[in-house]
Participant: 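Have a look at this one.
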Amino acid sequence: MTQARRLLAYLRQNPGASSLEVTRDLLIVNVTGRVSDLRARGYEVQCITRTDGNKGYVVREAAQLALSLT
């Protein structure tokens, strides 16, 4: 499994995970690069500010995007 696919699965299980958390748990050093890879493949990955003030990543699924438009 590629790092990008591992990251995608991780973010689906851990929405809002920070780059540090991803690096710690998946041993992926260049998290922003893998996020760019996912975006290039058509995945909607957003950077959010969590309630604790830290930045994190969230994958928006197609169904979530459709629901937000109604």
Participant: Hey, are E21 and R50 close enough for a salt bridge, meaning a charged N less than 4.0 Å from a carboxylate O?
Facilitator: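 Judged by the 4.0 Å cut-off on N to carboxylate O distance, E21 and R50 do form a salt bridge.
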Participant: Would you say the side-chain atoms of N14 pair up with the backbone N or O of A17, donor to acceptor, closer than 3.5 Å?
Facilitator: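 No, because the side chain of N14 does not come within donor-acceptor range (under 3.5 Å) of the backbone of A17.
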Participant: Quick one: pull up CD in E44 and CG in L38 and give me the separation to the nearest 0.5 Å.
Facilitator: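 Rounded to the nearest 0.5 Å, the CD-CG separation comes out at 11.5 Å.
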Participant: How many angstroms lie between atom CG of D25 and atom CG of L7, to the nearest 0.5 angstrom?
Facilitator: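 So the gap between those two atoms works out to 11.5 Å.
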Participant: For the atom pair CZ (R24) and OG (S18), what is the distance rounded to the nearest 0.5 Å?
Facilitator: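 R24 CZ to S18 OG: 7.5 Å, rounded to 0.5 Å.
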Participant: Nearest 0.5 Å, what's the OG1-CZ distance between T32 and R39?
Facilitator: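 The OG1 atom of T32 sits 9.5 Å away from the CZ atom of R39.
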Participant: For I48 and G16, which heavy atoms make the closest approach, and how far apart are they?
Facilitator: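 Closest approach of I48 to G16: CD1-CA, 4.1 Å.
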Participant: For side-chain hydrogen bond (donor to acceptor under 3.5 Å, both in side chains), just list the numbers for K55 and T49, CA-CA rounded to whole Å, side-chain angles, deciding distance to a tenth of an Å, and then say yes or no.
Facilitator: CA-CA 5 Å; K55 301 285 185 187; T49 301; 3.0 Å; yes
Participant: Is R12 paired with E61 through a side-chain N to carboxylate O contact shorter than 4.0 Å?
Facilitator: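 A salt bridge is present here (some side-chain N lies under 4.0 Å from a carboxylate O).
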Participant: Quick one: does any side-chain atom of R6 pair with a main-chain N or O of L26 as donor and acceptor, under 3.5 Å?
Facilitator: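 Yes; at least one donor-acceptor contact below 3.5 Å.
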Participant: Mind checking the CG-CZ spacing from D37 to R5? Nearest 0.5 Å is all I need.
Facilitator: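 One gets 11.5 Å once the value is rounded to the nearest 0.5 Å.
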Participant: Apply side chain to side chain contact (heavy atoms under 4.5 Å, CB included) to V58 and V45, showing your working.
Facilitator: CA-CA 6 Å; V58 174; V45 182; over 6 Å; no
Participant: Under the rule for side chain to side chain donor-acceptor pair (under 3.5 Å), what residues qualify as partners of T2, not counting sequence neighbours?
Facilitator: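 Per chain and number, T2 pairs via side chain to side chain donor-acceptor pair (under 3.5 Å) with no residue.
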Participant: Ignoring hydrogens, what is the shortest heavy-atom contact between Y57 and L11? Give both atom names and the distance.
Facilitator: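 In this case the closest contact between Y57 and L11 is O-CD2, 3.8 Å.
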Participant: For T23 versus I28, what's the shortest heavy-atom pair and its separation?
Facilitator: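 For T23 versus I28, the nearest heavy atoms are OG1-O, 2.9 Å.
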